[in-house]
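Atoms within each ligand, like the ligands themselves, are counted from 1 in listed order.
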Amino acid sequence: MTYTNLAFDVRDRIATITINRPEKLNALDDDTIAELGRAIDEVVSRKDIGGAIVTGAGAKAFVAGADISQLATQGSLDGRARAMAGQRIFSRFEQSPKPTIAAVNGFALGGGLELALACHIRIASENAKMGLPEVKLGIGPGYGGTQRLPRLIGRGRALQLMLTAEMTDAAEAYRIGLVNKVVPASELIAAAEAMLKQILANGPIAVGLCIEAVNRGLDTTLEEGLVIEANHFGLIATTSDMREGMSAFLEKRPAAFKGE
Ligand code: COA
């Protein structure tokens with residue numbers, strides 16, 4: 001598949017999706033969002049890919065937001081349609097059974113932070129700056145920020161970030177649980193690859209079901225979430241990966257999972 005505004009590279013079962021409009025600080029115009037949709041579909045469908053890292057080109061920005069030049073001309077109907085299209089695509093990152101890690105290499109603002117929030121894990125470089133500054137532009141977040149941010153860091157902190165439009169630095173983002181880890185900029189991609197490799201050594205069906213149980217469980221009652229978990233626990237017992245994982249432990253050797 002070919003991309004214009006993204007680079008898509010695959011090495012050692014890891015796809016690296018790089019948003020590549022550095023002259024606009026990787027701002028997400030509609031075409032770039034559509035390409036992100038194709039990229040996550042490619043990750044999910046290709047058997048030679050186990051998971052993905054999402055990052056931004058250049059040293060300055062992950063993504064500095066939705067492309068304001070496009071937002072500036074929107075009316076109510078196309079604005080709503082734009083939000084829904086972006087939301088659907090970002091949800092595909094969240095719902096991917098293959099793990100996605102955002103490697104936040106600089107500004108992650110507005111739609112950029114929303115993209116990182118849709119990924120399963122976030123690792124930030126020490127120079128990263130994150131926020132949802134939409135209210136400064138007289139709009140609100142449109143690609144899931146009002147929903148995913150409070151689920152991740154709690155209502156009060158999420159509202160503070162949204163209502164003040166302030167940017168948080170990497171250390172504070174780590175303190176409030178917005179990012180999982182902070183590393184020097186020069187080590188960012190290596191750190192994301194190392195974490196993804198650690199995940200990819202585990203049973204892929206089990207990994208996918210953990211993602212699904214967390215996603216679905218957070219949006220339902222504890223009781224229903226526990227049923228989802230128990231159903232997964234039963235389902236996984238039918239896989240040869242479960243037998244391989246347990247045999248490997250008992251035989252004191254690394255497991256060789258096949259995803260079946
Ligand atoms: N949409 C469109 N273009 C953007 C953009 C965005 N979200 N963010 C940055 N750019 C463009 C700038 O317009 C500029 O383009 P130009 O060189 O053609 O004028 C280029 O990227 C570089 O940005 P610049 O503002 O000159 O860099 P800076 O270092 O002075 O400031 C930021 C960096 C991130 C603080 C600033 O670009 C900014 O506030 N961006 C918008 C953030 C935002 O509100 N995002 C939410 C959008 S909903």
Is atom 18 (O) of ligand 1 close to the protein, meaning a heavy atom under 4.0 Å from it? yes

Closest candidate by heavy atom, reference atom 6 (C) of ligand 1, pool Gly140, Ala66, Gly65, Gly131: Ala66

For Arg253 and Glu244, what are the C-alpha separation, side-chain angles and deciding distance, and is it a salt bridge (charged side-chain N to carboxylate O under 4.0 Å, His left out)? CA-CA 10 Å; Arg253 62 172 174 81; Glu244 167 61 12; 2.8 Å; yes

For the residue pair Gln87 / Gln147, report whether a side-chain donor-acceptor contact shorter than 3.5 Å exists. no

Per-atom filter on ligand 1: closer than 4.0 angstrom to a heavy atom of Asp67 are 1 (N), 2 (C)

Minimum non-hydrogen distance to atom 35 (C) of ligand 1, winning option of Arg21, Met167, Glu134: Met167

Residue, atom and distance of the protein heavy atom nearest atom 5 (C) of ligand 1 read Ala27 CB, 4.0 Å

Closest approach of any protein heavy atom to atom 34 (C) of ligand 1, naming residue and atom: Leu109 CD1, 3.6 Å

NZ/NE/NH1/NH2 to OD/OE distance under 4.0 Å, Arg13 and Asp48: no

Glu23 neighbourhood, listing ligand 1 atoms whose heavy-atom distance to it stays under 4.0 Å: 20 (C), 21 (O)

Would you confirm whether any non-hydrogen atom of the protein falls under 4.0 Å from atom 30 (O) of ligand 1? no

Would a 4.0 Å cut-off, counted as strictly less than, catch a protein heavy atom around atom 23 (O) of ligand 1? yes

I'd like to check Tyr143 versus Leu115 (side-chain heavy atoms, cut-off strictly below 4.5 Å). Are they in contact? no

Heavy atom of the protein closest to atom 36 (C) of ligand 1 (residue, atom name, distance): Leu25 CD1, 4.6 Å

For Leu163, I'd like to know if atom CG has over 12 heavy atoms of other residues, nucleotides or ligands within 6.0 Å. yes

Below 4.0 Å, non-hydrogen atoms only: which portion of Lys24 touches ligand 1? Side chain, backbone, both or neither. both

Under 4.0 Å from ligand 1, counting heavy atoms only, is it the side chain of Ala64, its backbone, both or neither? both

Got a sec: does the CZ of Arg46 have more than 12 other heavy atoms crowding it under 6.0 Å? yes

What's the separation between atom CD in Glu126 and atom CG in Leu188, rounded to the nearest 0.5 Å? 10.5 Å

Is the closest side-chain donor-acceptor distance between Thr18 and Asn20 under 3.5 Å? no

Any chance CD of Glu94 has more than 12 other-residue heavy atoms, nucleotides or ligands included, within less than 6.0 Å? yes

Taking atom CD1 of Ile139 and atom CD of Gln74, what is their separation to the nearest 0.5 Å? 6.5 Å

Part of Lys60 with heavy atoms under 4.0 Å of ligand 1, whether side chain, backbone, both or neither: side chain

Which atoms from ligand 1 have a heavy atom of Leu137 less than 4.0 Å away? 44 (O), 47 (C), 48 (S)

For atom 26 (O) of ligand 1, state whether the nearest protein heavy atom is under 4.0 Å away. no

Give a yes or no on whether atom 39 (O) of ligand 1 lies under 4.0 Å from any heavy atom of the protein. no

Is_contact(atom 47 (C) of ligand 1), protein non-hydrogen, under 4.0 Å: yes

Residue pair Arg148, Ser91: steps toward the side-chain contact (heavy atoms from CB on, under 4.5 Å) verdict: CA-CA 10 Å; Arg148 291 196 178 96; Ser91 288; 3.1 Å; yes

Ranked by distance from atom 1 (N) of ligand 1, the top protein heavy atom is Ile68 N, 2.9 Å

